[in-house]
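Below you'll find the structure, written out as structure tokens, and then a few comments.
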Amino acid sequence: MTNREVARILEAIADILQIKNDNPFKIKAYRNAAEAVCHLQEDLLPLYRDGRLRDIPGVGKSVQAGIIEILEKGSMSYYDRLLEEIPSGVLDMLAIPGLGHKTINLLHTSLGISSLPDLEQAAREHRIRQLPGMGAKSEDNIIKGLELLRQGANKATLGLARPLALEFLQYMERTGVVQKAALVGSIRRGKSLVGDVDILVCADDLERLHNVIETYPGLKKIDECTSTNIKGRLRWELPFEIIRVASDEFAAAQFWTTGSKAFRKAVLPGGNLQPFRGLSDEAELFGKMGMQYIPPEMRENQGEIEMARRRELPRLVETSDIKGDLHVHSSWSDGGGGMAEMAQAARGMGYVYLAMTDHSQSLSISRGLSEERLQAQGASLEAINSQFKDFTILRGTEVDILKDGRLDYHDEVLKNLEVVIASIHSHFKLDREAQTRRIIAAIEHPLVNIIGHLTGRLLGRRPGYEVDVDRILEACAINQVALEINAHPDRLDIDEGTARQAARLGVKMAVNSDAHDVNDLQLLEYGIINARRGWLTKNDIINCWEIDRLRSFFKKDGGSCI
DNA sequence: CCCCAATTGGGGGAATGCCCTCAGGCATT
């Protein structure tokens with residue numbers, strides 16, 4: 001059980017209590033504990049073994065007891081009892097935009113709605129508009145929200161699926177039941193939303209393989225079990241498939257099961273893998289086909305096959321190419337770590353620079369910095385910076401783009417910063433034209449360097465706002481403004497398609513973690529995967545550059561601006 | 001519920017505008 005999963009249970013308890021209209025401080029306590037567990041740098045298990053769970057700020061006597069129960073038994077009796085009152089189907093309704101705890105309580109108690117299907121039926125039968133505070137529009141929004149949910153249904157973010165898949169894979173390797181094992185399928189290709197976990201294995205002892213899988217603590221259930229296939233579900237109902245092949249077929253099977261379907265069809269139309277038996281790895285296989293090795297992230301049949309035949313594949317960016325992170329929050333706004341702590345962690349990752357980019361004043365919910373506090377932060381930052389010889393903290397901001405396209409700080413304030421990210425955090429529902437003009441106004445502002453999370457999408461939860469990407473890319477190219485690839489696995493914004501289009505137009509990008517604590521810095525990896533899916537090289541990505549080149553880009557030396 | 005002062009009891013809410021319906025819930029990181 002990962003920290004994140006324990007946190008999700010605590011969060012669910014808070015949600016149930018809030019729906020029940022319980023003591024607000026109790027709710028807050030569970031939410032605080034969930035957040036604290038989420039931001040924890042250490043695993044809960046060793047903390048539990050050393051009896052140090054209470055050391056976590058926000059974890060008291062009773063939450064500690066709950067966490068211990070979860071770690072020991074995989075469940076928690078208080079949570080189970082709450083679920084009897086408020087079933088999980090009621091909690092599912094929280095995913096619908098516009099429905100919060102109060103409204104859900106009303107729907108549950110007065111109409112007896114306990115699931116998403118119940119909700120849909122009630123909305124279609126116009127029973128919801130009879131409730132106080134609800135009308136025809138509310139019913140409309142509910143139906144729209146349900147449709148949105150259905151689109152993302154049965155898909156998990158890479159951020160959820162990949163760690164679970166790796167944990168499962170490592171478990172099988174640790175038990176020694178597999179001679180070879182590899183992640184394949186859409187997770188290997190790095191898709192941002194995946195349907196299932198596909199793992200390829202070689203295992204001589206079939207019976208033992210079955211036993212080992214049946215006793216895996218992260219297993220929910222097994223649906224199907226043959227000598228070549230084991231299908232079932234992991235935690236969070238994540239489907240998995242284990243594909244068992246002979247040792248001399250492994251490389252060919254790796255190639256075949258990684259896909260994608262379109263790639264397979266184009267590169268090997270007959271699907272005859274016989275000539276590729278006995279190969280030692282995929283590289284050899286590509287060699288036999290007269291091609292360069294195609295990285296899994298590119299295998300979508302979008303021109304990469306022809307390029308590989310001509311030996312013209314780009315050298316894709318790698319995590320080790322990253323020299324710094326340009327979007328990081330600290331406890332000055334809504335981050336969980338101090339500036340020095342974040343800087344040390346970034347330095348520990350081998351970075352040579354880090355931009356501190358806390359929120360600006362309009363985003364009050366994130367304790368956005370007033371111009372005065374921003375100045376104070378700058379002074380503190382300089383003091384920390386002077387302690388480093390081989391590392392630089394860049395003074396920056398994630399400044400809000402206001403409704404009309406103006407920025408949330410005066411130019412005199414922005415002038416003193418080295419990195420200005422401009423992002424949208426409000427007015428998501430402007431029409432396409434207004435939204436596009438708003439963003440272009442920010443791009444044309446001479447002091448803006450990067451546009452943060454361009455579309456604001458949250459994978460599986462919220463579509464991005466409407467923007468004209470072509471016009472935005474054009475404006476970025478003209479004004480020497482970079483687009484962010486926000487690496488958070490719930491965002492991955494811009495997406496791979498936009499990234500590829502941007503690169504073709506000469507628009508530079510920044511792969512940023514948007515970290516709110518030390519752990520989050522590691523999320524940058526997902527951004528790199530997404531960048532690779534967009535065929536990017538280190539030249540396309542400004543935080544792969546030396547600091548001098550980066551600084552000169554920010555000064556827009558070569559641009560037509562200023 | 002947790003924390004912090006003390007060892008039983010009091011204090012603690014992230015701020016603000018939008019939206020839909022008519023007072024207040026919801027969304028934003």
Side-chain angles (χ1 to χ4, degrees), chain A residues 10-11 13-39 53-67 76 78-79 82 93-107 128-142 144-145 327-336 357-370 397-403 408 421 423-430 452-453 456-458 461-462 465 486 488 490-491 493 513-517 520:
Chain A
L10 297 173
E11 189 75 41
I13 292 173
D15 281 331
I16 294 178
L17 294 172
Q18 200 171 348
I19 289 170
K20 275 162 51 91
N21 203 11
D22 211 308
N23 178 352
F25 298 115
K26 191 169 166 179
I27 296 165
K28 190 83 180 98
Y30 274 100
R31 252 187 240 296
N32 281 343
E35 197 177 342
V37 167
C38 221
H39 287 191
L53 287 174
R54 282 292 293 271
D55 294 353
I56 305 168
V59 174
K61 208 166 119 190
S62 129
V63 169
Q64 172 188 241
I67 293 176
M76 176 172 159
Y78 179 51
Y79 178 48
L82 287 173
M93 291 194 262
L94 282 168
I96 293 173
L99 293 189
H101 302 87
K102 284 273 169 83
T103 313
I104 289 169
N105 180 34
L106 182 69
L107 292 166
I128 288 172
R129 65 180 67 178
Q130 298 157 8
L131 297 172
M134 306 297 280
K137 186 91 185 178
S138 312
E139 288 175 344
D140 219 41
N141 283 338
I142 286 170
K144 281 207 187 90
H327 185 169
V328 164
H329 298 273
S330 75
S331 49
W332 279 80
S333 67
D334 61 347
T357 54
D358 276 305
H359 290 289
S360 62
Q361 49 202 354
S362 285
L363 203 62
S364 47
I365 188 148
S366 305
R367 304 196 307 127
L369 271 53
S370 66
T397 181
E398 182 183 15
V399 64
D400 260 47
I401 304 172
L402 304 174
K403 188 178 181 182
D408 198 22
I421 304 175
S423 306
I424 281 181
H425 294 113
S426 62
H427 303 283
F428 288 6
K429 287 183 180 156
L430 290 184
H453 45 70
R457 74 171 181 178
L458 293 176
R461 274 191 286 161
R462 182 176 82 197
Y465 23 86
N486 191 296
H488 196 290
D490 289 348
R491 290 190 183 270
D493 186 11
S513 71
D514 198 356
H516 283 69
D517 62 44
D520 282 356

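All chains are named by letter (A, B, ...) in the order of the sequence lines, taking the proteins before the strands, and each is independently numbered beginning at 1.
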Separation of atom [atom1] in [X] from atom [atom2] in [N], rounded to whole Å:
| X | N | atom1 | atom2 | answer |
| --- | --- | --- | --- | --- |
| A:Q130 | B:dT21 | CD | P | 14 Å |
| A:K26 | B:dG10 | NZ | C1' | 18 Å |
| A:K144 | B:dC26 | NZ | C1' | 17 Å |

Between [N] and [M], how far is it from one [atom1] atom to the other, in whole Å?
| N | M | atom1 | answer |
| --- | --- | --- | --- |
| B:dT28 | B:dA23 | P | 26 Å |
| B:dC20 | B:dG25 | C1' | 10 Å |
| B:dC19 | B:dG13 | C1' | 24 Å |
| B:dA15 | B:dG10 | C1' | 26 Å |

- [ ] Report which part of the nucleic acid A:D514 touches: base, sugar-phosphate, or nothing (heavy-atom distance under 4.0 Å, all strands).
- [x] nothing
- [ ] Indicate, with a heavy-atom threshold strictly under 4.0 Å, whether A:L17 touches base, sugar-phosphate, or nothing.
- [x] nothing
- [ ] Could you say whether A:L131 or A:G98 is positioned toward the 5' end of DNA chain B, judged by the nucleotide with the nearest heavy atom to each?
- [x] A:L131
- [ ] Would you kindly compare A:T103 and A:K429 by the position of their nearest DNA chain B nucleotide and give the one closer to the 5′ end?
- [x] A:K429
Open item on the list: Suppose we call two aromatic rings close when their centres sit under 6.0 Å apart. Are A:H425 and A:H427 close by that rule?
Closed with: no
Task: Base partner of B:dA27, which must satisfy Watson-Crick or wobble distances under 3.5 Å - done: B:dT16
